[in-house]
Protein chains: 2
Amino acid sequence: MGTTQLESVPEPKYWHLRTVLSEALDSEFAVGEILPNERELAARFGVARATLRQALEQLELEGRLQRRRGVGTTVAPPRVGVAVGPSGHAWPGAGDDGWQAVDCTLAAPPGAVARMLETAPQEPVHTVRRSRVSHGQPVAAELLYIPASSVPDLSAIDAPTGTTRARAVLRELHRQTLEGQDRSVELGSAGADDAKELDRLPGAPVLVVTTRFFTEGRTAAVSLATYRADTCRLTFGDSGSVEIHHGPETRAS
Amino acid sequence: MGTTQLESVPEPKYWHLRTVLSEALDSEFAVGEILPNERELAARFGVARATLRQALEQLELEGRLQRRRGVGTTVAPPRVGVAVGPSGHAWPGAGDDGWQAVDCTLAAPPGAVARMLETAPQEPVHTVRRSRVSHGQPVAAELLYIPASSVPDLSAIDAPTGTTRARAVLRELHRQTLEGQDRSVELGSAGADDAKELDRLPGAPVLVVTTRFFTEGRTAAVSLATYRADTCRLTFGDSGSVEIHHGPETRAS
DNA sequence: AAGTGGTCTAGACCACCTC
DNA sequence: AGGTGGTCTAGACCACTTG
């Protein structure tokens, strides 16, 4: 019989579109340039807007595009390398990492964090909010959970909340001896408040970096940092930071 | 004046849906259980299927759900922690990391890789394919790029391709002295072949781990590993592996 | 006010898996 | 064959930014 499936495996339109656009981006557009609007692009390629959007979504996920409501779609610069745990072990807030303490409250952490801290499920802990800015753009938001037992001598005189409180808590934390840390990275989506702080919409993809700080066998603190996945490349260099490289796409489609 | 915006910021339906489903998942479903199909869920919540799908997409991104065409949507188990660069520096393939060499060819690497290797743009390099399996599931696919200069004594007698060739190349590579390495993690999307190897659809979100291996100041090899972002949590422990923790969502919405 | 991307709908058909 | 998720369409309206 004849039907030998010549044109088999028809790849989805949006995927093909992604490839075409990706190549156009490489050759015909400069960083920062704004693309034609979605309705026009869709018409130009002869597809529905939803299909075109599916392709754009992919490219945004890969850090190639940046879309802003009311403004347009622009060609994104290469991802910025952000150092995570730059060198050896160090307490958060020691030295000048890129972080900036914002606030500090006393509140019950999420269950997962309580479990890591080995505190009672509803027990309040010091919660330091920090944010990180790189090249003028917010790249990460962090919540640092520090149980009272890790800052035993915290003077009650300091402000009960606010930036000064945050710094006081960190200062006390540094008095402990750091014995080790333990990091993990996973994909997540930005909650409403994270999204606002990162200047993204809720649900935006983020890289969630969970760090546990150990002292005397116990977990002295837990950091939960969310990095903008579209603009950041997390680096764990043993040596200094390195040259740019372009595009997370691994192999041709 | 009166209009104090009581019910302002109406969050999108799909986002609200995501929250509702997420809570239902916590309380009413067991891992592995299959959910009602999309058409029924959409009807039950009184939304279009596309809207429901947007919510499911979010939950899948967060590793809470697993969807398989022709089968259904199931509740995903907690993400597995996958050790990346478990302890200190080591050549890839030395000792028993979770990797398994699959193949080896001689081909021109992507431009970005050539730049890191400091080889000419179209110069072919040894390209070792490896795959990693955890708990019976494929979790990562890797391409290891090794320029000829890093394996000078590679005997021409060995098979020119295939698994044995891959092992021979790695064996030769290990003869060099490893001076350091440099890692970065970013979000990407699976290419067609990666997708197949990871048992996902093209475009599936992956965590791309780029590792450079240094020797005598040069880059001796580059590894480009793509991990399934939905099922994996990358761990960079200084200590042994740790307990599960649940859910990458950082804060309540 | 006009233009952008973001959300949502109600359909249709397709690819894949299981029985 | 029947059921599932995946793709695609052609519209509508909304939220946001900018002149």
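Below, chains carry the letters A, B, ... as their sequence lines are ordered, and counting in each starts from 1. Since the model is a prediction, treat every value here as computed from it, not as a measurement.
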Could you tell me whether [X] and [Y] make a salt bridge, using a distance below 4.0 angstrom between a side-chain N and a carboxylate O?
X	Y	result
A:Arg129	A:Glu142	no
B:Glu60	B:Arg200	yes
B:Arg130	B:Asp97	yes

Candidates [options] - which lies nearest the side chain of [X]:
X	options	answer
A:Thr51	C:dG5, D:dT7, D:dT9	D:dT9
A:Arg69	C:dG5, C:dC8, D:dG6	C:dG5
B:Gln54	D:dT7, D:dT9, C:dT7	C:dT7
A:Tyr14	C:dT7, C:dT9, D:dT7	D:dT7
A:Arg49	C:dG6, D:dT7, C:dC8	C:dG6
B:Val71	D:dG6, D:dT9, C:dC17	C:dC17
B:Arg53	C:dT7, D:dG5, D:dT9	D:dG5

Between [N] ([atom2]) and [X] ([atom1]): distance, integer Å:
X	N	atom1	atom2	value
B:Ile34	D:dG3	CD1	C1'	11 Å
A:Gln66	C:dG6	CD	P	11 Å
B:Glu57	C:dT7	CD	P	12 Å
B:Leu35	D:dG3	CG	P	19 Å
B:Leu52	C:dG11	CG	C1'	16 Å
B:Lys13	D:dA12	NZ	C1'	13 Å
B:Phe45	C:dT9	CZ	P	13 Å
B:Leu41	D:dG6	CG	P	13 Å

Toward the 5' end of DNA chain D, by each residue's nearest nucleotide, B:Glu38 or B:Ala50: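 Looking at the nearest nucleotide for each, B:Glu38 comes out on the 5' side.
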Closest-nucleotide 5' rank along DNA chain D - winner of A:Ala48 and B:Arg39: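 Its nearest nucleotide lies further toward 5', so the answer is B:Arg39.
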Main-chain N/O of A:Val47 paired with A:Thr51 side-chain donor or acceptor, under 3.5 Å: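 Not a single qualifying donor-acceptor pair exists.
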Touch class at under 4.0 angstrom, heavy-atom based, for B:Arg68 against every strand present: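 Here B:Arg68 touches the backbone only, sparing every base.
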Sugar-phosphate only, base, or nothing, as touched by B:Leu56 at under 4.0 Å among non-hydrogen atoms: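 No contact.
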Candidate list B:Arg18, B:Arg233, B:Arg79, test salt bridge (Lys or Arg N to Asp or Glu O under 4.0 Å), partner B:Glu62, passing option: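 In the set B:Arg18, B:Arg233, B:Arg79, the residue that makes a salt bridge (Lys or Arg N to Asp or Glu O under 4.0 Å) with B:Glu62 is B:Arg18.
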B:Asn37 vs D:dT4: side-chain N/O to OP1/OP2 distance below 4.0 Å: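 B:Asn37 to D:dT4 OP1/OP2: side-chain N or O found under 4.0 Å.
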